[in-house]
Peer 1: 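Attaching a single structure in structure tokens format; questions to follow.
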Number of protein chains: 2
Amino acid sequence: MNLKELATKLGLSPTTVSRALNDYPEVNEVTRQRVKAAAKRHNYHPNARAIRLATGRAMAIGHVIPLATRHEIVNPVFADFIAGAGEVYSRNDHDMVLSVVPDDEEDAAYRALRSKGNVDGVIVHGPRMEDHRIALLHEIGLPFVVHGRASGVTLPYPWVDVNNRRAFHRATDFLLDLGHRRIALVNGLEFMDFAMRRRGGYVEALTARGLPPDPALMDSNEMTEVSGYRAAKRMLASPTPPTAFLASSMISGMGIRRALEEHGLKLGRDISIIIHDDDLSYMKNGEDVPIFTATRSSVREAGRIAADMLLGLIAHPQEVPPTRLLEADLVIGQSTGPAPLAV
Amino acid sequence: MNLKELATKLGLSPTTVSRALNDYPEVNEVTRQRVKAAAKRHNYHPNARAIRLATGRAMAIGHVIPLATRHEIVNPVFADFIAGAGEVYSRNDHDMVLSVVPDDEEDAAYRALRSKGNVDGVIVHGPRMEDHRIALLHEIGLPFVVHGRASGVTLPYPWVDVNNRRAFHRATDFLLDLGHRRIALVNGLEFMDFAMRRRGGYVEALTARGLPPDPALMDSNEMTEVSGYRAAKRMLASPTPPTAFLASSMISGMGIRRALEEHGLKLGRDISIIIHDDDLSYMKNGEDVPIFTATRSSVREAGRIAADMLLGLIAHPQEVPPTRLLEADLVIGQSTGPAPLAV
DNA sequence: ATGTGCGCCCAAAACGGTTTCAATCGGATG
DNA sequence: CATCCGATTGAAACCGTTTTGGGCGCACAT
């Protein structure tokens with residue numbers, strides 16, 4: 001059942017039927033109702049491929065997921081971000097198209113999306129410092145929103161980000177207020193912009209209290225259970241081990257906890273942990289009571305906001321790119337306590 | 001730059017240019033080279049929307065992700081499955097389109113995908129017992145492959161699944177051989193087909209040794225850290241606690257471990273755990289040495305296989321649907337040991 | 001010389017919608 | 001009564017490909 005068939009069945013022209021269904025004002029209200037009823041009755045759904053060709057719009061948003069050939073890490077927060085963004089797309093009759101490409105083909109993927117025209121815009125994931133994708137997308141003229149920011153990029157661009165710096169500053173302050181002085185940072189890879197900012201907040205808080213940051217207490221790695229475990233193991237083996245950990249993710253936090261347990265250290269009494277909690281649906285930080293004290297910010301909500309922003313940008317291009325900075329909550333759980341008196 | 005422009009620039013008809021680029025035999029080899037060179041030089045990429053309309057194929061595969069309105073669990077294995085499938089799609093010039101829809105609109109989403117024609121086929125995720133989606137897809141004539149199986153569905157249908165029953169049978173046997181007699185099962189939700197099969201394997205192994213399954217040792221819940229923790233807490237509070245746990249996922253396993261630690265039980269000595277490990281890229285079960293003894297099967301590889309199967313099915317429809325049963329490895333880690341002598 | 005067949009290419013018709021431009025009609029205006 | 005206008009509708013062009021159905025020229029067999 002296509003438009004032409006429906007039109008003849010109604011004794012109308014395809015033009016009128018199309019206009020009736022798309023709520024154009026110039027069609028008689030009676031006709032419109034008749035058309036809509038017939039469309040429903042005959043279960044007519046306009047062919048998406050034809051619409052896209054005719055309108056020149058893809059009605060789709062792209063997400064390029066680079067598949068790192070070496071470490072092959074699929075970002076764990078990705079699923080939740082996608083879920084949030086996807087909700088918004090569905091509500092607005094847009095498709096979400098994911099391109100999984102080897103990371104050395106990422107630029108080509110953006111160019112292809114643009115020139116083949118199968119998306120109207122893209123979300124940029126996991127920005128790095130000086131991320132070159134922003135300039136690329138500007139150049140090829142593909143609307144986009146960055147999830148995160150890219151320090152060092154001078155062009156203005158639209159983004160949605162968590163205030164990572166402030167979150168980690170607060171978390172560090174919280175530990176300092178509890179008397180901790182040797183606070184370890186188990187961070188993500190620091191060429192990632194968010195990780196750099198977190199480190200910035202941590203260092204800032206320490207130096208504000210006259211404490212020089214200790215390189216031996218700073219780890220930067222992929223945010224996996226194992227690397228959290230290893231970092232903690234290494235630091236705990238030191239003659240002057242930390243009394244508190246600041247971890248970049250729930251998963252690293254679990255690795256740290258495993259290391260602590262092997263050392264017979266009781267969480268919240270002998271040693272403290274604060275994590276950053278992306279509020280992942282499959283990895284809740286406890287239900288009623290949080291497992292870890294945490295800085296929390298829902299990545300799913302970030303997905304919704306970014307998707308909304310991008311659709312808005314496509315519909316009404318702005319001269320000055322919109323931005324949105326989300327603040328993380330500090331939730332107090334059972335993983336933090338006063339610093340033990342002796343080292 | 002579109003086909004027509006390229007054609008006039010070459011002094012050829014669009015027909016010939018199209019044929020040259022698509023490697024039709026009836027075009028002169030010299031002409032073909034000339035066309036291809038020009039296409040590359042002018043950076044010509046055929047418009048995907050036009051191709052789709054003209055060919056009637058969407059060159060895209062759909063994945064419908066129901067967004068449970070109540071518990072809102074985004075399946076943690078989903079990201080890795082998608083990554084695997086996405087690799088295959090990219091290699092075959094297909095798009096992957098994700099539809100995130102409220103779960104009561106899932107059927108409508110499949111119908112819409114079909115009638116609007118924006119995908120050529122779909123992957124069905126998370127099949128349940130008697131899953132009605134299989135009949136639905138048959139009815140509307142949309143090619144599909146199920147990731148998992150649906151017991152009780154009599155229609156033949158294509159699927160890719162892990163041998164969950166055998167995996168859990170083997171794991172249970174392994175624990176029995178170590179002398180464990182009170183083995184707990186911390187399972188996923190048992191209306192899910194995979195969970196049912198796992199329970200089947202577990203019960204089978206127990207009864208084969210004359211041990212009646214104890215309902216108090218069987219938990220069925222969402223596979224989160226918290227629910228693993230709770231199940232373990234509850235069971236450990238019993239006067240006759242288990243000496244071993246069988247967990248449906250890495251994440252539940254971590255929750256169980258947290259409970260054990262609170263009870264001061266040493267993993268691998270006082271108590272054993274075997275998990276099922278989907279080999280998620282962001283949640284490796286250790287690197288050199290496994291954290292948990294586990295039944296392991298890469299969900300990412302399953303994604304690749306399912307995608308391949310679906311593309312094949314679309315290109316060459318089969319009368320008898322292909323199926324693929326993957327066997328899980330049993331990898332021995334440090335979380336298992338002989339049953340303690342006293343209860 | 002006359003078909004015949006093949007190699008190569010093109011004009012035009014799809015594909016299924018949207019959009020531009022024009023037409024019709026009844027009623028209001030002057 | 002002629003004209004103009006707003007309300008409706010339709011014919012046809014268009015979006016950018018693929019595909020159908022020739023067409024032309026040349027070699028080869030008859």
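Per chain, numbering begins at 1; letters A, B, ... match sequence-line order.
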Peer 1: Start at the 5' end of DNA chain C and walk down; is the nucleotide closest to B:Thr55 or to B:Ser13 reached first?
Peer 2: B:Ser13

Peer 1: Between A:Ser18 and A:Thr15, is any side-chain donor less than 3.5 angstrom from a side-chain acceptor?
Peer 2: no

Peer 1: Evaluate ring pair (Phe, Tyr, Trp, His ring centres under 6.0 Å) for B:Phe81 paired with B:His147, printing each intermediate quantity in order.
Peer 2: CA-CA 9 Å; B:Phe81 184 91; B:His147 177 212; 4.3 Å; yes

Peer 1: Going by the angle between their ring planes, with limits at 30° and 60°, are B:Tyr157 and B:Phe144 parallel, tilted or perpendicular?
Peer 2: parallel

Peer 1: Rounded to the Å, how far apart are B:Asn118 CG and C:dG16 P?
Peer 2: 15 Å

Peer 1: Round to the nearest Å and state the distance from B:Ile51 atom CD1 to C:dC15 atom C1'.
Peer 2: 13 Å

Peer 1: Can you check the B:Leu12 CG to C:dA11 P distance for me, whole Å?
Peer 2: 11 Å

Peer 1: B:Thr15 has a side chain; which of C:dC15, C:dA11, C:dT18 sits nearest to it?
Peer 2: C:dA11

Peer 1: Which residue is it: B:Ile314, B:Asp95, B:Val119? I am looking for the one with a side-chain contact (heavy atoms from CB on, under 4.5 Å) to B:Ile61.
Peer 2: B:Ile314

Peer 1: Check whether any side-chain N or O of A:Asn47 sits under 4.0 Å from OP1 or OP2 of C:dG17, and answer yes or no.
Peer 2: no

Peer 1: Roughly, in whole Å, what's the span from CZ in A:Arg57 to P in C:dG17?
Peer 2: 17 Å

Peer 1: Tell me if a side-chain donor or acceptor on B:Thr31 pairs with a main-chain N or O of B:Val27 at a distance below 3.5 Å.
Peer 2: no

Peer 1: Can you tell me the distance, in whole Å, between the CD atom of A:Glu5 and the C1' atom of C:dC15?
Peer 2: 13 Å

Peer 1: What is the distance, to the nearest angstrom, from the CD atom on A:Glu26 to the P atom on C:dT20?
Peer 2: 11 Å

Peer 1: What is the nucleic acid contact for A:Leu53, judged by heavy atoms within less than 4.0 Å: base, sugar-phosphate only, or nothing?
Peer 2: base

Peer 1: Select from B:Ala50 and B:Arg19 the residue whose nearest nucleotide in DNA chain D is closer to the 5' end of that strand.
Peer 2: B:Ala50

Peer 1: Along DNA chain D, 5' to 3', what are the outermost nucleotides having an atom less than 4.0 Å from a heavy atom of chain B?
Peer 2: D:dG16 to D:dG21

Peer 1: Give the rounded distance in Å between these two atoms: CG of A:Leu21 and C1' of C:dT19.
Peer 2: 15 Å

Peer 1: Round to the nearest Å and state the distance from B:Leu3 atom CG to C:dC10 atom P.
Peer 2: 12 Å

Peer 1: Do the charged groups of B:Arg149 and B:Asp161 touch, with an N to O distance under 4.0 Å?
Peer 2: yes

Peer 1: Would you mind classifying the nucleic acid contact of A:Gly117 as base, sugar-phosphate or nothing, using non-hydrogen atoms under 4.0 angstrom?
Peer 2: nothing

Peer 1: Is the shortest distance from a Lys or Arg side-chain nitrogen in B:Asp107 or B:Arg133 to a carboxylate oxygen in the other one below 4.0 Å?
Peer 2: no

